[in-house]
Protein chains: 2
Amino acid sequence: MMSVDDPLTVTCTAPVNIALIKYWGKREEDKILPLNPSLSITLDVADLRTKTTVVASKQFDRDRLWLNGKEHDINNKRMQTCIRKLRQGADDLWRDGKLMIAKEEWKNYRLHIISENNFPTAAGLASSASGLACFVYSIAQLLQFKETFPGELTTIARQGSGSACRSLLGGFVLWESGTALDGSDSIARQIATGDKWKSLRVIILIVNEQQKKTSSTAGMQTSVQTSDLLKFRAKEVVSMQLSRMRDAIEKADFPTLATVTMQESNQFHACCLDTFPPIFYLNEVSKEIIQFVHDYNADNNDITVAYTFDAGPNAVLLTREENLEKLMNSLHQKFGFFPVTREGVTRSVFENSQSDRIIRSIVTKIGEGPRVITRSIDHEESLATKEGKPKFIC
Amino acid sequence: MMSVDDPLTVTCTAPVNIALIKYWGKREEDKILPLNPSLSITLDVADLRTKTTVVASKQFDRDRLWLNGKEHDINNKRMQTCIRKLRQGADDLWRDGKLMIAKEEWKNYRLHIISENNFPTAAGLASSASGLACFVYSIAQLLQFKETFPGELTTIARQGSGSACRSLLGGFVLWESGTALDGSDSIARQIATGDKWKSLRVIILIVNEQQKKTSSTAGMQTSVQTSDLLKFRAKEVVSMQLSRMRDAIEKADFPTLATVTMQESNQFHACCLDTFPPIFYLNEVSKEIIQFVHDYNADNNDITVAYTFDAGPNAVLLTREENLEKLMNSLHQKFGFFPVTREGVTRSVFENSQSDRIIRSIVTKIGEGPRVITRSIDHEESLATKEGKPKFIC
């Protein structure tokens with residue numbers, strides 16, 4: 001048997017995903033079943049990722065969780081649901097042809113989960129999706145979780161945080177709304193790899209935020225209760241947009257992908273405004289960026305850049321590699337210089353932002369799903385000490 | 001016969017109207033036939049009005065138009081349509097039992113039309129509605145226009161500027177979308193007088209505008225072409241909201257009227273955002289006012305104030321007389337002091353606005369339709385000199 005001195009551990013990463021077809025509104029709250037299907041791209045973990053180390057031991061007195069160096073309560077309903085379902089699906093652990101832990105033994109093990117993002121959680125970058133995806137994926141890896149049907153793991157991540165299910169896969173990911181009452185068909189699956197879209201570049205513009213943010217969970221609930229437009233959108237508009245976008249992905253047709261992405265973003269925010277009382281996520285800077293994109297495309301007489309906004313004022317722009325430099329120059333000209341983080345190319349050209357509207361930006365691309373970094377506690381990438389505690393505490 | 005020395009003249013006023021059920025989108029451009037019915041309240045001409053003097057003479061060489069002291073080209077298509085139709089419906093003019101002008105004679109008379117608003121045109125207060133209504137009403141009065149069916153005059157005003165048809169009546173006015181191809185059933189009619197709503201107060205908040213405004217005509221066209229939500233709204237939502245509001249008007253039920261008014265305003269702006277490229281009329285101050293109203297109602301545990309916004313950032317608030325003072329105090333506390341114009345009560349308490357967000361406000365109430373002020377050129381209210389020229393030129 002194992003002890004803390006010889007711990008069972010795994011360290012994994014999971015990516016951030018950005019919805020091009022938006023998820024807004026649940027048809028069922030508890031299981032997090034969405035009103036409509038959504039479609040996302042997975043971003044490169046080299047630029048944005050959650051990393052999680054899980055350590056299992058019989059000697060721990062309870063499950064514990066540390067996020068970004070600070071202990072958090074693990075006893076919230078959603079995380080408890082995930083852990084329970086992961087334990088139910090645990091399987092025998094074999095090493096070198098020897099049964100180390102029989103599946104019925106796992107219930108005697110407690111988990112220490114240590115998780116970190118390499119981007120500021122406060123930046124409004126949907127850290128819950130990569131966070132919950134990494135949480136579920138890492139525990140599944142450690143407990144030898146065995147799916148009873150394809151996509152089961154994504155249904156577990158979904159119950160932790162809806163859009164987390166999309167972070168379990170790379171490339172273009174479709175989250176089905178499903179029709180089953182138990183949610184077993186509301187799975188996420190890859191509909192295309194990023195192979196045809198290697199030149200796609202994703203620019204995240206972190207915007208100076210003045211307003212308070214309405215939480216997605218609360219916002220969605222009010223929208224479902226009060227917005228007639230949201231119901232119509234889910235029922236009539238999304239399937240049409242989804243089919244246009246899948247076609248564009250297949251054909252590597254950037255202008256159509258870009259157009260549908262912008263229309264989807266606008267319609268999501270329109271439904272927020274049709275909510276009563278209305279929800280505003282876009283601020284004046286967001287609106288300026290939208291105007292900038294439409295002007296830029298009009299000036300170039302071609303659709304070479306698109307915007308999309310989630311439940312906050314930060315913009316995500318899509319463009320192609322060959323247009324990146326020109327676009328960044330135009331952005332700097334319009335908004336003033338802001339620091340650019342770009343893997344392997346530039347890092348913080350300017351220490352401080354000279355823009356009062358855009359604080360900084362991250363340039364990234366389409367990427368792969370979660371992966372195991374190491375199964376050794378001694379590995380430098382592990383976030384845990386030999387005792388199963390976080391290496392870094394805030 | 002008449003000469004310029006003995007001119008044929010009339011001076012009329014017409015009111016501003018504010019849509020509670022919004023008009024956005026035409027099913028036919030030329031005749032200005034709307035996608036959906038709309039409902040407005042007519043404001044008191046004591047506070048906001050257009051005044052128009054029309055002079056007819058055989059000695060004038062052409063039709064001419066002066067707006068707020070400046071000559072404007074009268075040869076635009078919409079105004080020409082109105083004048084042509086008004087001339088077609090002209091009737092015999094009798095004075096003291098004597099036929100002065102036979103109806104077929106009117107074609108030999110040219111018109112000088114002199115028009116003024118008592119509020120700044122640039123304030124974004126939908127001056128085209130009261131302006132066109134006054135234009136049509138005054139000419140009709142002068143030419144003895146005779147309707148061939150009830151509401152015909154509103155169909156003419158509609159072709160000058162859609163919402164102008166609603167300014168031809170007082171109280172609560174419904175503009176029917178109609179189904180006839182010639183637009184003859186797209187008329188405006190009074191559905192209730194203001195009798196049950198004497199205590200209603202309307203506060204117009206003029207907001208500091210930073211952005212460029214998209215013209216309503218252009219904006220509507222793009223919305224009809226690109227917004228799925230607008231089509232759904234026109235087809236499915238408006239009739240339901242209209243029926244709720246008519247019921248509230250009948251029962252003098254302020255909370256329901258207020259709720260539907262706010263929902264309508266939000267849904268109209270949601271459809272603007274769903275337009276591609278999106279149209280933004282609300283700015284940060286508008287959003288602050290919306291938040292203020294929801295907070296105010298929540299604090300009072302009752303719906304005592306409502307907002308509505310047209311194609312611009314200015315707010316129109318509805319409340320009841322008994323709540324007015326408390327509400328104005330709260331607004332001043334929240335936004336800083338701004339000048340208040342209120343008939344018979346206060347006029348410019350503060351010379352200059354101490355608010356950087358609200359420039360000034362006008363407090364008014366529900367009012368009557370257009371009326372004739374005088375048929376004499378010598379009357380002090382006449383805007384014309386004896387020669388049929390404007391008294392005041394800018």
Side-chain angles (χ1 to χ4, degrees), chain A residues 209-212 214 222-223 226-241 244 258-298 303 306-307 309 313, chain B residues 22 210-212 214 222-223 226-241 244 258-298 303 306-307 309 313:
Chain A
E209 184 158 16
Q210 298 142 330
Q211 295 157 259
K212 256 184 299 183
T214 308
T222 318
S223 291
T226 62
S227 171
D228 288 324
L229 301 186
L230 178 67
K231 284 166 215 152
F232 170 73
R233 159 181 163 67
K235 212 172 141 216
E236 305 282 344
V237 185
V238 172
S239 58
M240 196 177 61
Q241 294 290 61
R244 286 178 70 198
T259 302
V260 180
T261 297
M262 293 187 276
Q263 289 171 338
E264 271 292 303
S265 175
N266 295 338
Q267 191 166 87
F268 154 51
H269 292 281
C271 291
C272 289
L273 186 42
D274 186 52
T275 299
F276 194 75
I279 304 165
F280 299 100
Y281 287 122
L282 304 177
N283 68 17
E284 290 298 315
V285 186
S286 318
K287 291 198 265 178
E288 275 190 81
I289 294 169
I290 289 171
Q291 192 59 54
F292 167 88
V293 167
H294 285 289
D295 290 348
Y296 186 93
N297 286 333
I303 300 168
Y307 54 78
F309 293 81
Chain B
K22 298 293 185 189
Q210 299 142 328
Q211 294 158 260
K212 257 184 299 184
T214 308
T222 319
S223 291
T226 62
S227 171
D228 289 323
L229 300 187
L230 178 67
K231 285 165 213 150
F232 170 74
R233 159 181 163 68
K235 212 171 141 217
E236 305 282 344
V237 185
V238 172
S239 57
M240 197 177 60
Q241 293 291 63
R244 285 179 70 197
T259 302
V260 179
T261 296
M262 293 187 275
Q263 288 171 338
E264 270 293 302
S265 175
N266 295 338
Q267 192 166 86
F268 153 51
H269 292 281
C271 290
C272 290
L273 185 42
D274 187 53
T275 298
F276 195 74
I279 305 165
F280 299 100
Y281 287 122
L282 303 177
N283 68 16
E284 290 298 315
V285 187
S286 318
K287 291 197 266 179
E288 275 189 82
I289 294 169
I290 289 171
Q291 191 60 55
F292 167 87
V293 167
H294 285 288
D295 290 348
Y296 187 92
N297 286 333
I303 301 169
Y307 54 78
F309 293 81

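Residue numbering restarts at 1 for every chain, and letters A, B, ... go by the order of the sequence lines.
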Original post:
What do the steps show when you test E264(B) against H269(B) for side chain to side chain contact (heavy atoms under 4.5 Å, CB included), and what is the final call?
Top reply: CA-CA 9 Å; E264(B) 270 293 302; H269(B) 292 281; over 6 Å; no

**OP:** Measure from the side-chain N and O atoms of D274(B) to the backbone N and O of L229(B), and report whether any donor-acceptor pair falls under 3.5 Å.
**Re:** yes

Which atoms of [X] come close to chain A, meaning under 4.5 Å heavy atom to heavy atom: side chain ones, backbone ones, both, or neither?
{"X": "H294(B)", "answer": "side chain"}
{"X": "S227(B)", "answer": "neither"}
{"X": "I290(B)", "answer": "side chain"}

**OP:** Identify the heavy atoms of F309(A) and S265(A) that sit nearest to each other, and give their distance.
**Re:** N-OG, 3.1 Å

**OP:** Would you name the heavy atoms of M262(A) and V293(A) that are closest together and state the gap between them?
**Re:** SD-CG1, 3.9 Å

Original post:
When heavy-atom pairs shorter than 4.5 Å are enumerated against chain A, which of C271(B), C272(B), P278(B) gives the highest number?
Top reply: P278(B)

